[in-house]
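Each residue takes its place number in the sequence, starting with 1. Each ligand, and each atom within it, is numbered from 1 in the order the structure gives.
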Amino acid sequence: MDNQPIALITGATSGIGEATARILAKNHNLILCGRREERLAKLAEELETSVTTLSFDVRERKAVFESIESLPSEWKEIDVLVNNAGNAHGLDLINEGNPDDWDAMMDINVKGLLYVSKAIIPGMVARKRGHIVNISSLAGLEVYPKGNVYCASKHAVDALTKGMRLDLNAHGIKVTSVNPGLVETEFSEVRFKGDKEKAKSVYQGFTPLTAHDVAETIEFVLSRPDHVLIGDVLMLAKAQASSTIVNKNSQ
Ligand code: NDP
Ligand code: 8X3
């Protein structure tokens, strides 16, 4: 393992996390996290940098701490944390929503992000350096019909990003939030519980962002000179003006 910065990416098994791993592999050693171990192993094999993998469910507080604690000493000095793991579960009116979906979104998107951050931030504080990139969403800045709990979870991520930035300022740690609009990944398949047709229809009639587009922005944010902190980035497909205004006749 060479002397490059170490980046830990959650949700590296697909979408934005996987694309971020592919781009950051150019100049980082990588700790890739996710539940699907076989995908982590395959990605690790493909990347031309030092990679180690950790498989845990971000909802399992004990597993998060034990897993990150289990890193060999040469992997423990994490410079970059990309808090990306997360999903929407369901798209329902508030009076029709499934509390299991609500639990999943709050437990993964909010509490999972907190557990991973808590496992890593003390080391950054001790070293007086580090950069945390939280993947929030346009849904963290706006609310759309039936988005209720997913939007609440991402509004929480937005608040946590701002809170982290305040509390970690004295320790020389940068905190950034990247807020994408519609990105075509496995996101809608998860939201619609494996219904591929329904998932596909979300992105029909316009050109959505790709995971690679978002990963390029994450790379940009991370590669600024040390004295520059990009606080928040909102990035949209050209066809998207807001959560509810998408020009679906633009393709
Ligand atoms: P994907 O479904 O493609 O990726 C989600 C990732 O999160 C997977 O790697 C998955 O890994 C991981 N993950 C989900 N649940 C858990 C869990 N309980 N424990 C550990 N890891 C978990 O979606 P995206 O790449 O699109 O989503 C990545 C992030 O971007 C999310 O936070 C999402 O909210 C956000 N986002 C997405 C947008 C979009 O339109 N796609 C727009 C704005 C923000 P595994 O299943 O292997 O555990
Ligand atoms: C994901 C984008 O519009 O489905 O955060 O909420 S959206």
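Taking every non-hydrogen atom of Leu182 and a distance limit under 4.0 Å, the qualifying atoms of ligand 1 come out as 40 (O). Short contacts between ligand 1 and Glu186, defined as distances under 4.0 Å to a heavy atom of the residue, involve ligand atoms 2 (O), 3 (O). Ligand 1 places these atoms under 4.0 Å from at least one heavy atom of Gly15: 3 (O), 25 (O). Every atom of ligand 1 is numbered from 1 in the order shown, and the set under 4.0 Å from a heavy atom of Arg59 is 18 (N). Counting the atoms of ligand 1 from 1 in the order shown, those under 4.0 Å from a heavy atom of Phe56 are 19 (N), 20 (C).
Of the charged side-chain nitrogens involved, none lies within less than 4.0 Å of a carboxylate oxygen, so that Glu38 and Lys42 do not count as a salt-bridged pair. Between Arg165 and Asp232, at least one side-chain N (NZ, or NE/NH1/NH2) sits under 4.0 Å from a carboxylate O, which counts as a salt bridge.
Under 4.0 Å from ligand 1, not a single heavy atom of Glu18 appears. Contact annotation for Ser188 and ligand 1: no heavy atom of the residue comes within less than 4.0 Å of the ligand.
When the options Leu40, Thr10, Asn84 are ranked by their closest heavy atom to atom 32 (O) of ligand 1, first place goes to Asn84. When the heavy-atom distances from atom 26 (O) of ligand 1 to Val64, Thr185, Leu32, Asn83 are ranked, the shortest goes to Thr185. When Arg35, Glu37, Arg39 are checked for heavy-atom proximity to atom 16 (C) of ligand 1, Arg35 turns out nearest.
Every residue two or more places apart in sequence or in another chain that forms a side chain to side chain contact (heavy atoms under 4.5 Å, CB included) with Ala7 is listed here: Leu24, His28, Leu30, Val80. With sequence neighbours left out, Lys128 forms a salt bridge (charged side-chain N to carboxylate O under 4.0 Å, His left out) with no residue at all.
Annotation for Arg39: atom CZ counts as buried by contact number, over 12 foreign heavy atoms lying within 6.0 Å.
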Between ligand 2 and the protein, which N/O pairs are shorter than 3.5 Å?
unit_1, atom_1, unit_2, atom_2, d
ligand 2, 4 (O), Arg191, NH1, 3.4
ligand 2, 5 (O), Ser137, OG, 2.5
ligand 2, 5 (O), Tyr150, OH, 2.6
ligand 2, 6 (O), Tyr144, OH, 2.7

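With no hydrogens or angles considered, no side-chain donor-acceptor pair links Thr161 and Asp158 at under 3.5 Å.
Nearest to atom 40 (O) of ligand 1 among the protein's heavy atoms is Val183 N, 2.9 Å. Here the heavy atom of the protein found nearest to atom 25 (O) of ligand 1 is Ile16 N, 2.8 Å. Ranking the protein heavy atoms by distance from atom 1 (P) of ligand 1 puts Ser14 OG, 3.3 Å first.
Checked against a 6.0 Å centroid threshold, the rings of Tyr144 and Tyr150 do not count as neighbours.
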Solution key, residues 110-121 side-chain donor-acceptor pairs under 3.5 Å, sequence neighbours excluded:
unit_1, atom_1, unit_2, atom_2, d
Ser117, OG, Asn83, ND2, 3.0
Ser117, OG, Leu113, O, 2.7

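Residues Val214 and Phe220 share a hydrophobic cluster, clusters being chains of Ile/Leu/Val/Met/Phe/Trp/Tyr side chains in contact below 4.5 Å.
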